[in-house]
Student: 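One structure is given below, represented as structure tokens, and several questions about it will come after.
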2 protein chains.
Amino acid sequence: MIGPMETRASSTSTGKCEDCPIRHRAVCAHCEAEELAQLEAIKFYRSFEAGQHILWEGDRMDFVASVVSGVVALTRTLEDGRTQMTGLLLASDFLGRPGRENAPCHATAATDVTLCCFRRQPFDRLMQSTPHLSHRLLEMTLDELDAAREWMLLLGRKTARERIASFIAMIARRQGGLRGAGPLHLDLPLTREAMGDYLGLTIETVSRQVGALRRDGVIVLDGLRGVTVPDPARLLAECGDERRPARQ
Amino acid sequence: MIGPMETRASSTSTGKCEDCPIRHRAVCAHCEAEELAQLEAIKFYRSFEAGQHILWEGDRMDFVASVVSGVVALTRTLEDGRTQMTGLLLASDFLGRPGRENAPCHATAATDVTLCCFRRQPFDRLMQSTPHLSHRLLEMTLDELDAAREWMLLLGRKTARERIASFIAMIARRQGGLRGAGPLHLDLPLTREAMGDYLGLTIETVSRQVGALRRDGVIVLDGLRGVTVPDPARLLAECGDERRPARQ
DNA sequence: CGTAGTCTTGAACCGCGTCAAGCTTGGTGG
DNA sequence: CCACCAAGCTTGACGCGGTTCAAGACTACG
């Protein structure tokens with residue numbers, strides 16, 4: 001899983017917060033000029049190549065971070081090696097647990113990743129004094145909890161085919177499309193193996209069900225990572241998702 | 001699922017915060033006397049019988065609440081009726097989403113339940129002005145997120161037997177025992193059906209695996225709900241849980 | 001052209017779901 | 001006190017979806 005080059009990350013300096021592509025969606029979204037300046041004083045960028053480990057479960061965390069670009073996978077593992085991805089962090093998502101010493105799970109770069117890191121202790125202190133910051137973090141954490149619960153439904157009750165469809169729909173949603181009815185193109189940010197780990201399936205089942213959706217015309221493949229969805233409504237119908245149940 | 005008596009809850013009045021059994025673990029844990037008084041002004045108690053619905057998915061929520069006693073189940077449902085429990089709230093846990101209008105999932109009383117409710121809008125306002133409150137809520141939400149992720153690992157990768165063992169271990173942990181090595185008694189707060197919904201299994205599989213653990217001497221049953229664990233270490237070994245993996 | 005990494009495909013197996021009875025328990029009423 | 005009933009739980013037989021194991025195909029990169 002980890003490449004030949006051990007956990008070594010390059011550090012880039014600087015970059016103005018004002019020009020930051022995630023400025024208005026990340027933890028810092030609600031911050032005002034002065035608060036931003038305080039954050040800027042304790043921030044530094046780090047980059048990771050696809051496959052590198054960012055954090056180990058149980059590690060002492062000395063920073064928290066916003067994902068600037070790329071995809072970070074959070075995973076947990078059983079003693080015999082079975083692995084489950086428990087979160088997928090995309091641009092603007094937050095990595096780390098303020099107020100906690102140790103990481104609750106592994107974090108791996110699923111693609112090349114750039115993080116905007118904050119040293120943990122100054123960040124914790126800043127949280128105390130900056131309601132805009134802690135309020136935004138609560139908001140983001142609640143959203144993540146909702147996402148985790150939706151994923152529990154998928155893992156507990158959906159068929160393999162529904163899981164694949166749901167995954168593609170989720171990526172489509174987060175990459176911005178999937179509102180109008182028009183055809184829609186997207187790129188899968190994960191290998192088949194990582195998809196399996198996310199969906200609670202084996203790599204073979206992922207491959208077979210992607211193939212089945214392709215044969216049935218729900219998706220069109222364009223290389224291994226590219227996917228075109230000719231009819232988004234059709235894709236959504238494959239997800240098995242809930243509609244509001246009639247009351248009683 | 002719902003009993004013959006529709007969603008009708010009795011309202012009890014009063015009860016001093018100082019004497020409250022969950023005073024030091026709930027959202028109000030860090031609050032000081034004056035803050036507590038403000039909370040007390042907007043609070044009211046509600047009781048629900050086992051099986052009653054507390055909230056419907058998508059409902060407008062006009063209150064948030066702390067669980068004073070009993071067990072609340074959060075569930076989500078697919079269009080064809082498949083159900084997954086996404087959270088289990090025990091005494092001191094928090095129900096509801098400040099800052100959100102609508103409930104993200106059904107909430108049902110799994111046992112008789114007493115809630116300490118706060119009207120939502122005053123509570124939201126209080127959150128803005130009371131860092132102790134929002135800070136504690138962030139803490140609790142992060143814990144819940146961790147719990148949700150642990151459950152994702154269970155749902156995605158554990159066998160039926162491991163799921164049952166993990167569930168019993170979780171209940172043991174939350175009911176206070178499970179630290180020393182001595183034998184240990186606990187009561188399951190859920191029916192077999194609810195356990196199935198929580199564990200992503202059918203009721204038959206739950207029944208069979210509980211039976212298997214009994215036959216293998218891991219647990220001793222005492223009626224349908226009572227469980228004695230003669231050797232807690234043995235139970236933990238059945239959970240398949242992670243140990244820290246050797247680093248590379 | 002060769003090799004390694006990633007993905008696909010096929011065949012056999014098995015764990016859990018499904019369906020269908022029975023059993024236990026507690027409550028109700030004769 | 002027992003007959004009856006409904007709800008919840010257990011048990012068995014069977015089938016299917018997804019895993020496992022084992023090749024093979026594709027792609028990228030020397």
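Each chain gets a letter, A, B and so on, in the order its sequence line appears, and its residues count up from 1.
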Student: Closer than 4.0 angstrom, basic N to acidic O: yes or no for B:Arg161 and B:Asp216?
Tutor: yes
Student: Determine the interplanar angle of the B:Trp151 and B:Tyr198 rings, folded into 0 to 90°, and report it as parallel if under 30°, tilted if 30 to 60°, perpendicular if over 60°.
Tutor: parallel
Student: Could you pull out all residues at least two apart from A:Thr202 that satisfy side-chain contact (heavy atoms from CB on, under 4.5 Å)?
Tutor: A:Glu204, A:Thr205
Student: Rounded to whole angstroms, how far apart are CZ on A:Arg192 and P on D:dC26?
Tutor: 15 Å
Student: Would you kindly give the CG-to-P distance between A:Leu224 and D:dC26, to the nearest whole Å?
Tutor: 12 Å
Student: How long is the line joining CZ of B:Arg214 and P of D:dC9, in whole Å?
Tutor: 15 Å
Student: Going by an N to O cut-off under 4.0 Å, is there a salt bridge joining A:Arg157 and B:Asp197?
Tutor: yes
Student: In whole angstrom, what separates A:Leu199's CG from D:dT19's P?
Tutor: 11 Å
Student: Under a 4.0 Å N-O cut-off, is there an ion pair linking B:Asp241 with A:Arg76?
Tutor: no
Student: For the atom pair CZ (A:Phe48) and NE2 (A:His53), what is the distance rounded to the nearest 0.5 Å?
Tutor: 11.5 Å
Student: Taking 4.0 angstrom as the limit, do B:Asp146 and A:Arg97 come out as a salt bridge?
Tutor: yes
Student: Could you run down nucleotides 13-19 of chain C 5' to 3' and tag each one B, S or - for protein heavy-atom contact under 4.0 Å?
Tutor: ---SSBB
Student: Could you walk me through whether A:His106 and A:Thr75 pass the side-chain hydrogen bond (donor to acceptor under 3.5 Å, both in side chains) check?
Tutor: CA-CA 5 Å; A:His106 304 271; A:Thr75 59; 5.1 Å; no
Student: Roughly what angle, to 10°, lies between the helix axis at the start of the helix from C:dC1-D:dG30 to C:dG30-D:dC1 and the one at its end, five pairs per end?
Tutor: 20°
Student: How many angstroms lie between atom NZ of B:Lys158 and atom SG of B:Cys239, to the nearest 0.5 angstrom?
Tutor: 5.5 Å
Student: How many Å lie between CD1 on A:Ile203 and C1' on D:dG24, as a whole number?
Tutor: 15 Å
Student: Rounded to whole Å, please give me the gap between CZ in A:Arg163 and P in D:dG17.
Tutor: 14 Å
Student: Rounded to whole angstrom units, what separation is found between the CD atom of A:Glu193 and the P atom of D:dT20?
Tutor: 13 Å
Student: Check the distance between C:dC7's P and A:Ile164's CD1 and give it to me in whole angstrom.
Tutor: 12 Å
